[in-house]
Amino acid sequence: RLVACHGISERSSTARCRPTWSFALRCFFTRGFFVHLISFRAMYSSTDTIAALSTPVGESGIAVIRMSGAQALEIAASLTRTPAGRPLEDPLEHRRLYHAHFVSPSGERIDDVMLAVMRGPESYTGDDVIELSCHGGFAVVGRILETLFSAGVRPAEAGEFTRRAFLNGQMDLIQAE
């Protein structure tokens with residue numbers, strides 16, 4: 001069971017504790033790092049494929065959606081097509097940028113995207129990472145995330161990409177904080 005600490009000020013080392021998920025994430029980056037890190041590892045598998053919006057929420061010209069995990073490359077390949085309508089090449093090459101159409105499982109075109117491929121362990125998290133650069137409207141971003149989640153991708157928790165990078169040895173504790 002997670003115990004989350006809140007009410008910690010810079011001048012005080014005392015805290016009120018209660019079990020809750022949202023406050024536990026704050027403790028992950030502030031106080032009791034190793035204790036909460038061990039608790040997080042027990043709750044979630046580091047092999048889950050996760051995704052989240054990497055750019056600020058709101059209308060913009062371009063939005064970036066990051067996906068990381070064991071199935072990231074396969075899911076991205078199954079939901080993208082070349083502008084000619086063919087599947088992307090297999091396997092997706094490391095450190096390559098692809099222009100593609102993001103499609104629903106039924107084949108309906110959702111948006112034109114740029115797909116950046118970073119294979120683990122040479123990525124931020126140490127896992128396979130896909131970054132989708134798409135148009136930044138609420139409807140497009142929402143539809144892409146909804147499609148990813150229905151394909152088996154789990155929404156990332158706050159700080160989860162950095163936590164994976166730390167657990168996979170991509171950064172040390174000081175860099176993670």
Side-chain angles (χ1 to χ4, degrees), residues 21-30 33 36-37 40 43-83 88 92-105 108-177:
W21 176 248
S22 62
F23 288 118
L25 289 172
R26 289 187 198 145
C27 289
F28 177 79
F29 284 109
T30 58
F33 187 81
H36 293 298
L37 184 62
F40 284 141
M43 288 183 64
Y44 288 109
S45 169
S46 62
T47 60
D48 288 348
T49 301
I50 58 172
L53 182 64
S54 294
T55 50
V57 176
E59 294 271 340
S60 62
I62 295 189
V64 177
I65 297 171
R66 182 176 293 151
M67 182 171 45
S68 176
Q71 298 297 315
L73 297 174
E74 291 81 15
I75 291 171
S78 71
L79 296 173
T80 53
R81 300 285 179 266
T82 65
L88 292 177
L92 296 174
E93 291 182 38
H94 177 56
R95 295 184 183 166
R96 180 151 180 211
L97 189 64
Y98 295 90
H99 175 238
H101 297 306
F102 191 87
V103 296
S104 68
E108 176 191 0
R109 184 173 150 192
I110 296 174
D111 194 23
D112 286 335
V113 298
M114 296 300 290
L115 183 82
V117 178
M118 292 148 282
R119 290 184 173 268
E122 296 178 30
S123 68
Y124 176 74
T125 63
D127 298 326
D128 292 338
V129 173
I130 296 289
E131 288 190 354
L132 292 165
S133 299
C134 61
H135 291 97
F138 288 116
V140 172
V141 172
R143 185 96 187 276
I144 289 175
L145 286 171
E146 179 183 301
T147 303
L148 290 173
F149 299 149
S150 68
V153 177
R154 178 174 61 79
E157 299 293 333
E160 190 166 3
F161 289 98
T162 301
R163 184 174 74 244
R164 284 185 179 206
F166 174 74
L167 292 174
N168 289 332
Q170 297 298 103
M171 63 176 62
D172 61 23
L173 181 59
I174 300 301
Q175 291 171 314
E177 286 190 43

Which heavy atom of [X] sits nearest a heavy atom of [Y], and at what distance?
| X | Y | result |
| --- | --- | --- |
| Ala156 | Phe161 | CB-CE1, 3.7 Å |
| Val129 | Ser68 | CG2-OG, 3.8 Å |
| Val113 | Cys134 | CG1-CB, 3.8 Å |
| Leu92 | Arg119 | O-NH2, 2.8 Å |

Are any side-chain N or O atoms of [X] and backbone N or O atoms of [Y], one a donor and one an acceptor, separated by less than 3.5 Å?
| X | Y | value |
| --- | --- | --- |
| His101 | Arg109 | no |
| Asn168 | Gln170 | no |
| Arg164 | Tyr124 | no |
| Glu177 | Ile174 | no |
| Asp127 | Gly120 | no |
| Thr49 | Gln71 | yes |
| Thr55 | Val64 | yes |

Measuring only between side-chain heavy atoms, which start at C-beta, is [X] closer than 4.5 Å to [Y]?
| X | Y | result |
| --- | --- | --- |
| Phe102 | Thr147 | yes |
| Leu145 | Phe149 | yes |
| Leu148 | Leu132 | yes |
| Val117 | Ile130 | yes |
| Asp172 | Gln175 | yes |
| Leu88 | Thr82 | yes |

When you look at Ile110 and Ser104, which way does the side-chain contact (heavy atoms from CB on, under 4.5 Å) test go after all the steps? CA-CA 7 Å; Ile110 296 174; Ser104 68; 4.2 Å; yes
Q: Would you give the length of the straight line joining atom CD of Glu160 to atom CG of Asp48, rounded to the nearest 0.5 angstrom?
A: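 Spacing of CD (Glu160) from CG (Asp48) equals 7.5 Å.
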